[in-house]
Amino acid sequence: MWTAWLSELHPWIKALHIISIIAWMAGLLYLPRLYVYHCEAPAGSPQSETFKVMERRLLRAIMNPAMAAAYVFGILLLLVPGVVDWGAAWIYLKLVLVAALSHYHHLLARWRQDFAADRNSRPARFYRIANEVPTLLLVLIVILIVVRPF
């Protein structure tokens with residue numbers, strides 16, 4: 001049966017999920033920092049064009065695949081018998097926070113489109129503040145997973 005197969009692969013699935021999350025979080029923390037520096041570059045300048053390439057590559061080559069892998073391995077973990085107590089509230093809050101992290105990812109992608117078209121209207125301070133969002137979500141998610149407070 002497939003549940004026995006999932007149980008056998010549980011350590012590998014968990015390891016790949018953690019690796020995916022680390023790669024995704026690296027991008028979620030780095031891309032807004034690039035936006036901070038991009039704000040200081042004049043539109044159309046060589047520096048601005050370099051940031052556009054860096055931002056596109058980071059999002060498409062690292063962040064999007066890492067998010068997809070995190071979802072695939074996370075869903076597989078949810079399907080492993082005995083890993084999640086569906087009667088506990090922590091898992092539902094964790095899933096809401098993961099959805100918030102995904103929404104943040106999509107906001108970053110939308111903001112990248114603004115930079116790519118030279119129509120960013122937000123100051124560097126906005127991106128400095130936005131850069132704190134994934135850290136806060138990560139802290140809450142890890143506490144929910146490890147401590148399982150409720």
Side-chain angles (χ1 to χ4, degrees), residues 6 9-80 83-86 88-150:
L6 279 176
L9 290 176
H10 176 247
W12 285 101
I13 296 168
K14 187 190 300 185
L16 292 170
H17 182 63
I18 292 168
I19 292 165
S20 301
I21 293 296
I22 290 169
W24 187 25
M25 288 303 303
L28 291 173
L29 293 167
Y30 185 48
L31 189 55
R33 181 53 49 187
L34 286 176
Y35 293 163
V36 168
Y37 301 133
H38 197 161
C39 285
E40 298 168 3
S45 68
Q47 187 181 21
S48 177
E49 296 307 309
T50 299
F51 280 122
K52 289 177 187 180
V53 171
M54 292 171 66
E55 293 156 0
R56 186 188 81 242
R57 287 181 179 170
L58 178 61
L59 186 67
R60 291 187 180 166
I62 296 173
M63 293 173 64
N64 288 342
M67 180 179 77
Y71 265 90
V72 167
F73 296 120
I75 290 167
L76 288 174
L77 283 174
L78 294 175
L79 297 174
V80 175
V83 169
V84 175
D85 174 8
W86 292 101
W90 70 268
I91 186 64
Y92 300 103
L93 181 55
K94 185 232 180 192
L95 293 174
V96 167
L97 295 174
V98 169
L101 206 55
S102 300
H103 178 68
Y104 178 77
H105 176 110
H106 292 292
L107 287 173
L108 289 175
R110 186 179 321 149
W111 297 336
R112 190 198 68 79
Q113 291 174 343
D114 291 341
F115 278 109
D118 290 324
R119 64 174 187 256
N120 173 56
S121 60
R122 294 173 183 85
R125 180 166 163 63
F126 172 84
Y127 297 108
R128 281 190 181 95
I129 293 168
N131 199 25
E132 303 305 322
V133 171
T135 303
L136 176 62
L137 292 172
L138 175 68
V139 167
L140 294 172
I141 290 168
V142 169
I143 289 170
L144 287 172
I145 293 167
V146 174
V147 179
R148 299 182 181 191
F150 44 84

[atom1] of [X] to [atom2] of [Y]: how many Å apart, nearest 0.5 Å?
X: His17; Y: Leu77; atom1: NE2; atom2: CG; value: 6.0 Å
X: Leu97; Y: Ile143; atom1: CG; atom2: CD1; value: 10.5 Å
X: Leu28; Y: Leu59; atom1: CG; atom2: CG; value: 9.5 Å
X: Ile13; Y: Ile18; atom1: CD1; atom2: CD1; value: 12.0 Å

Residue pair [X] / [Y]: nearest heavy atoms and the distance that separates them:
X: Ala23; Y: Ile62; value: O-CG2, 4.1 Å
X: Ala69; Y: Ser20; value: CB-OG, 3.3 Å
X: Gly27; Y: Pro32; value: O-CD, 4.2 Å
X: Phe150; Y: Ala88; value: O-CB, 4.0 Å

Measuring only between side-chain heavy atoms, which start at C-beta, is [X] closer than 4.5 Å to [Y]?
X: Met63; Y: Leu108; result: yes
X: Asn120; Y: Tyr127; result: yes
X: Leu101; Y: Trp24; result: yes
X: Ile91; Y: Leu78; result: yes
X: Ile145; Y: Trp90; result: yes
X: His10; Y: Leu6; result: no
X: Met25; Y: Ile21; result: yes

Exceeds 12 heavy-atom contacts within 6.0 angstrom, atom [atom1] of [X]:
X: Tyr30; atom1: OH; value: no
X: Lys14; atom1: NZ; value: no
X: Arg119; atom1: CZ; value: yes

Using the side-chain hydrogen bond (donor to acceptor under 3.5 Å, both in side chains) rule, collect all pairs that involve residues 130-150, keeping only residues at least two apart or in two chains. none
Qualifying side-chain hydrogen bond (donor to acceptor under 3.5 Å, both in side chains) pairs with a residue from residues 54-68, counting only residues at least two apart or across chains: His38-Glu55, Asn64-His105
Determine whether Tyr71 and Ser102 satisfy the following criterion, side-chain hydrogen bond (donor to acceptor under 3.5 Å, both in side chains), listing intermediate values before the conclusion. CA-CA 10 Å; Tyr71 265 90; Ser102 300; 2.5 Å; yes
Evaluate Glu49 against Val53 for side-chain contact (heavy atoms from CB on, under 4.5 Å), listing each step before the verdict. CA-CA 7 Å; Glu49 296 307 309; Val53 171; 6.0 Å; no
On the six-membered ring of Phe126, is Arg122 placed so that its NZ or CZ lies under 6.0 angstrom from the centre and within 45° of the ring axis? yes
Look at the side chain of Ser48 and the backbone N and O of Ser45, then say whether any donor-acceptor pair between them is shorter than 3.5 Å. no
Output yes when a side-chain donor or acceptor of Tyr35 lies under 3.5 Å from a complementary backbone atom of Arg112, and no otherwise. yes
Do Phe115 and Phe51 have ring centroids that are under 6.0 Å from one another? no
